[in-house]
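Scroll down for the structure; my scribbles are underneath it.
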Amino acid sequence: MAVDVDGCIERLHSGQILTEGEVEDVCRQLMLLLAEEPNVVQIEAPVTVIGDVHGQFYDLLEIFNIGGRCPDTNYLFLGDYVDRGHHSVETISLLACLKLRYPSRIHLLRGNHESRNITKTYGFYTECMQRYNSAQVWRSFTDLFDYLTLAVTINDSIFCVHGGLSPSILHVDQLRVLDRFDEIPHEGALADILWSDPDSQIRMFGRSQRGAGYTFGGEIVERFLHVNGMSHILRAHQLCMEGYLVQFNDKLSTVWSAPNYCYRCGNVASLLNVDPYLQRDFITFDASPESAGSTFRQPAPAPDGMYFL
């Protein structure tokens with residue numbers, strides 16, 4: 001029997017979680033839909049772009065309060081839906097249901113946390129076990145993560161990805177031929193675009209302290225945009241205390257959408273409206289009262305020697 005997606009969306013908005021069977025059905029149907037999407041999806045503005053949300057479900061609801069509910073607003077989420085926060089189950093469940101219900105109005109990119117290895121360390125696996133007393137929901141979602149697309153272009157002019165650029169990828173067409181339907185590898189182009197970060201202190205590529213991906217400078221950004229005939233790069237992946245950061249002479253923007261990250265960082269968050277003329281307007285917001293008072297469980301600590309931000 002087909003799952004009642006509209007009913008699931010309304011229940012999730014009210015704070016209820018789905019049953020294990022509903023999660024399995026939603027993931028199974030959504031994988032079939034995502035399997036038909038290319039690695040690089042082309043969309044048209046206007047669109048509202050969202051950075052990392054990391055299981056901060058009540059802040060996700062605040063995003064919809066500010067930006068409008070789907071399908072009234074077109075959304076592009078740049079990845080990292082789970083881990084760190086207290087309510088990853090509700091967060092990814094709602095986004096998966098919205099994508100299944102309105103596939104052309106919401107797009108979900110894969111982030112570096114959409115991974116079996118990372119979610120076992122940073123909280124999502126533990127939360128699924130606590131909420132369902134079973135690993136099946138975690139398995140359903142991590143299988144789904146393998147199907148998430150890698151990048152989006154807006155009006156063939158703005159390149160959107162979770163992390164950044166790779167020495168292995170000069171032209172967007174090189175992304176189109178990658179095999180994405182698997183766990184995130186430790187190295188290579190797929191790992192790079194999910195893990196890399198811009199660095200205004202360098203020109204070319206550098207070593208990343210995250211242990212995966214690279215850092216990249218202004219000359220790399222300029223070259224990528226020139227080769228691909230584009231004007232801007234949008235990405236997430238890095239905590240911005242002011243909610244966003246614009247670098248390299250307005251060639252690259254970082255969007256961060258988890259306010260008071262891990263319930264202790266004290267940062268504001270942002271969403272980014274891209275209008276039909278490709279003008280960009282950041283809207284900043286603070287943590288919702290419900291998120292500030294969240295007490296379900298403590299966020300997963302960052303082990304020594306591994307990245308925090």
Side-chain angles (χ1 to χ4, degrees), residues 48-60 62-63 66-67 76-88 91-92 95 108-115 118-119 121-124 160-165 184 191-202 206-217 221 233-248 251-272 280 282-288 291-292 294 298-309:
T48 297
V49 183
I50 309 298
D52 296 30
V53 292
H54 277 300
Q56 296 184 201
F57 178 68
Y58 295 104
D59 296 317
L60 174 63
E62 184 67 12
I63 287 170
I66 296 168
L76 167 60
F77 284 79
L78 298 178
D80 278 12
Y81 313 111
V82 300
D83 288 337
R84 307 285 199 189
H86 295 173
H87 300 282
S88 292
T91 299
I92 187 58
L95 292 174
L108 306 176
L109 297 189
R110 191 174 194 174
N112 63 301
H113 277 260
E114 278 67 66
S115 154
I118 296 295
T119 54
T121 301
Y122 289 97
F124 184 46
C160 307
V161 70
H162 177 71
L165 302 179
I184 299 170
D192 295 345
I193 64 171
L194 302 185
W195 280 94
S196 293
D197 298 297
D199 184 348
S200 59
Q201 303 302 310
I202 64 175
R207 173 178 290 186
S208 173
Q209 294 184 356
R210 295 182 186 266
Y214 293 84
T215 57
F216 56 94
V221 170
I233 296 172
L234 288 181
R235 43 92 63 178
H237 192 46
Q238 276 181 302
L239 171 64
C240 302
M241 292 304 293
E242 302 304 320
Y244 65 94
L245 181 65
V246 181
Q247 295 174 275
F248 306 127
K251 298 294 186 182
L252 179 146
S253 297
T254 299
V255 187
W256 183 264
S257 302
N260 193 28
Y261 180 43
C262 291
Y263 313 105
R264 62 180 182 265
C265 285
N267 61 286
V268 298
S270 75
L271 54 85
L272 172 60
R280 289 170 275 115
F282 289 95
I283 299 175
T284 59
F285 63 97
D286 293 311
S288 69
S291 183
S294 181
Q298 293 300 311
D304 291 341
M306 296 188 72
Y307 86 105
F308 172 67
L309 300 180

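Among all heavy-atom pairs drawn from S88 and G85, the shortest one is OG-O, 4.1 Å. Heavy-atom minimum distance, I50 versus V255: C-CG1, 4.4 Å. For the residue pair L95 and L108, the shortest heavy atom distance occurs at O-CD1, 3.8 Å. In terms of heavy-atom proximity, S270 sits nearest to G243 at OG-O, 2.7 Å. When all heavy atoms are compared, the tightest approach of I66 to L271 is CG2-CD2, 3.9 Å.
At a threshold of 4.5 Å between non-hydrogen side-chain atoms, the residues D52 and L78 do not count as touching. Within the 4.5 Å cutoff, side-chain heavy atoms of F285 are placed close to those of P259. In this structure, the side chains of P198 and R235 come closer than 4.5 Å at one or more pairs of heavy atoms. Looking only at side-chain heavy atoms (C-beta outward), N260 and S291 stay at 4.5 Å or farther from each other. In this structure, the side chains of S200 and F248 come closer than 4.5 Å at one or more pairs of heavy atoms.
T254 contributes no side-chain N or O that, together with a main-chain N or O of A236, makes up a donor-acceptor pair within less than 3.5 Å. Without hydrogens or angle criteria, Q56 side chain to V53 main chain gives no donor-acceptor distance under 3.5 Å. Within the 3.5 Å criterion, the main-chain N or O of A258 finds a donor-acceptor partner in the side chain of N267. In terms of modelled atom types and a separation under 3.5 Å, the side chain of E114 and the main chain of Y81 share a donor-acceptor contact. Put simply, the side chain of D80 gets close to the backbone of N112: a donor and an acceptor are under 3.5 Å apart.
Legend: residues meeting ring pair (Phe, Tyr, Trp, His ring centres under 6.0 Å) with Y214, ordered by chain and number and at least two apart, are F205. Taking the side chain to side chain donor-acceptor pair (under 3.5 Å) definition, one finds that R110 meets it with D146, sequence neighbours left out.
Checked against a 6.0 Å centroid threshold, the rings of H113 and F124 do not count as neighbours.
Using bins of under 30°, 30° to 60° and over 60° for the plane-to-plane angle, the ring pair W256/Y261 lands in the perpendicular bin. Ring geometry for H87 against Y58 counts as perpendicular: the plane angle is over 60°, on a 0 to 90° scale with 30° as the lower cut.
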Report the C-alpha separation of Y122 and V82 in whole Å, then their side-chain angles, then the decisive distance to 0.1 Å, and conclude whether the side chain to side chain contact (heavy atoms under 4.5 Å, CB included) test is met. CA-CA 9 Å; Y122 289 97; V82 300; over 6 Å; no
For a side chain to side chain contact (heavy atoms under 4.5 Å, CB included) check, start with the C-alpha distance between F216 and S196, then their side-chain angles and the critical distance, and finish with the verdict. CA-CA 8 Å; F216 56 94; S196 293; 4.1 Å; yes
May I have the step-by-step check of side chain to side chain contact (heavy atoms under 4.5 Å, CB included) for L76 and L109, ending in yes or no? CA-CA 8 Å; L76 167 60; L109 297 189; 4.0 Å; yes
Before you tell me yes or no, could you show the steps for I118 and I184 under side chain to side chain contact (heavy atoms under 4.5 Å, CB included), namely the whole-Å CA-CA distance, both residues' side-chain angles and the distance that decides it to 0.1 Å? CA-CA 10 Å; I118 296 295; I184 299 170; over 6 Å; no
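The distance from the CG atom of L165 to the CD1 atom of I193 is 9.5 Å, given to the nearest 0.5 Å. In this structure, the separation between CG on D199 and CD on Q209 is 9.5 Å, given to the nearest 0.5 Å. Between atom CD of residue Q238 and atom NE2 of residue H162 there is a gap of 9.5 Å, rounded to the nearest 0.5 Å. Atom CG of D59 and atom OG of S288 lie 4.5 Å apart (nearest 0.5 Å). Note that OG of S208 is 6.0 Å distant from CZ of R210, once rounded to the nearest 0.5 Å. Note that OG of S115 and CH2 of W195 are 7.5 Å apart. Values are rounded to the nearest 0.5 Å.
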